[in-house]
Amino acid sequence: MLAAGLFSADPVDPLRADATALARLGDEELASGLQHGEGNELAGFEGRCALLRRLGEAVALRDTLFSAGSDLRPGCLFDALIDEGDAPLAADHILAVILDALAPIWPERVAVDGIPLGDTWRYTETLTGGANGDLVPLHTMAQALVLSLVEPLLWAGVAVDDFDGLTGLADLVHGGLFVDAGVLVPRDPDALSIAWDAGAAFVLEWRALTVALLDRLAARVRALAELDAHELPLACVMQGGTVPLARKIALEKRDAGRPPLGIATDGTVI
């Protein structure tokens, strides 16, 4: 799609993404590029397409951040990050910049002062947040985006550190691992046969426990490997350990390695 210029509004400069092209992306173009279709459906396809279009709109709204001459491009986020000095970039600082810059792309589930908070939810069961419930921030897709930016930044000579300023990813892969391994067992045995809404209390509890358990698992892996958090950050534990392990176990238990829990997702959460 990139080589074909799908994300560029300039036909003589196809290898880029800009606000104009992103904002006008069509579902049919994306379906073709992503090979989405009958028998090979991509979960939450419509939501993913809408995210890309809203990305174009968000870039157009922040011309001071995303300006590249006369063009507005999401890649200018790179320039904004490296212009902040020679010291290593903290991973959680990259996340803060992304959450600020891309706030308009998320569906307005929970908002503060008119700003959508993305993968943040109100939990109203038993905590102490009052009438509006406690806010549970998970930011799975935004944190995954931070991790995907690390290698390009390193290739460009920009050091990144403090990876444990991020949390583990509360996604279907990791949450599924703890269920499949018997670490998390639902009180209601029928819970694994329900298509849950992403904001359901059961799902929030499961995802929050996943974050906490990943911290504990990483600590045990480091102890076995005799490495510290700097030498073996949580991101490496996930990429080299929990992700392949979760997929292996899921493939052994279910057709096509489906996760053990069903969530009705629109492609903007996990």
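Quick note: residue numbers are just sequence positions, from 1. Any value given below was found using the heavy atoms of this structure, including those in side chains, with hydrogens, waters and symmetry copies removed. Owing to the predicted nature of the structure, the values given are computational and were not obtained by experimental measurement.
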- Message: Quick check: do M1 and F7 have side-chain heavy atoms less than 4.5 Å from each other?
- Response: yes

- Note on the structure: Minimal heavy-atom distance between F45 and L34, with the atoms involved, is CE1-CD1, 4.2 Å

- Item | W196 side chain reached by L261 side chain, heavy atoms, under 4.5 Å | yes

- Item | Q239 side chain vs C236 backbone, donor-acceptor pair below 3.5 Å | no

- Task: Kindly indicate whether the side chain of V110, heavy atoms from C-beta on, has any atom under 4.5 Å from the side chain of R122.
- Result: yes

- Query: Does the side chain of H174 pick up a donor-acceptor pair with the side chain of T210 at under 3.5 Å?
  - Reply: no

- Message: Under a 3.5 Å distance rule, please check whether H36 uses its side chain to pair with a backbone N or O of L42 as donor and acceptor.
- Response: yes

- Task: Could you tell me whether D171 and R207 have a side-chain N and a carboxylate O separated by less than 4.0 Å?
- Result: no

- Task: Give the cluster check for F202 versus L172: same hydrophobic cluster or not, with ILVMFWY residues linked at side-chain heavy-atom distances below 4.5 Å.
- Result: yes

- Side-chain touch D197/V203, heavy atoms, less than 4.5 angstrom: no

- Message: Show the nearest heavy-atom pair for residues L234 and R222, with the distance to one decimal.
- Response: N-NH2, 3.3 Å

- Item | Nearest heavy atoms of L213 and V183, plus distance in Å | CD1-CG1, 3.9 Å

- Query: Just by modelled atom types, is the G39 backbone N or O under 3.5 Å from a matching donor or acceptor in the E41 side chain?
  - Reply: yes

- Note on the structure: In terms of heavy-atom contacts, A246 and L177 come closest through CB-CB, 3.7 Å

- Message: In the structure I gave you, are the side-chain heavy atoms of L149 and I98 within less than 4.5 Å of one another anywhere?
- Response: yes

- Query: S8 side chain to G5 main-chain N or O, any donor-acceptor pair under 3.5 Å?
  - Reply: no

- E57 atom CD: more than 12 heavy-atom contacts under 6.0 Å: yes

- Query: Backbone N or O of I115 within a donor-acceptor pair of the D113 side chain at under 3.5 Å?
  - Reply: no

- Quick one: do the R73 and S67 side chains pair a donor with an acceptor below 3.5 Å? no

- pair F66-L77: side-chain heavy atoms closer than 4.5 Å: yes

- Message: Restricting to non-hydrogen atoms, name the atom on C49 and the atom on L30 that form the minimum distance, rounded to 0.1 Å.
- Response: SG-CD1, 3.6 Å

- Task: State, yes or no, whether a side-chain contact exists between R62 and L72 at a heavy-atom distance under 4.5 Å.
- Result: no

- Message: Looking at R53 and A23, would you say the former's side chain and the latter's main chain have a donor-acceptor pair under 3.5 Å?
- Response: no

- For A60 and A19 the tightest heavy-atom approach is N-CB, 4.0 Å

- Item | Donor-acceptor contact present, side-chain D119 to main-chain T140, <3.5 Å | yes

- Message: Are the side chains of V179 and P259 in contact, using a 4.5 Å heavy-atom criterion?
- Response: no

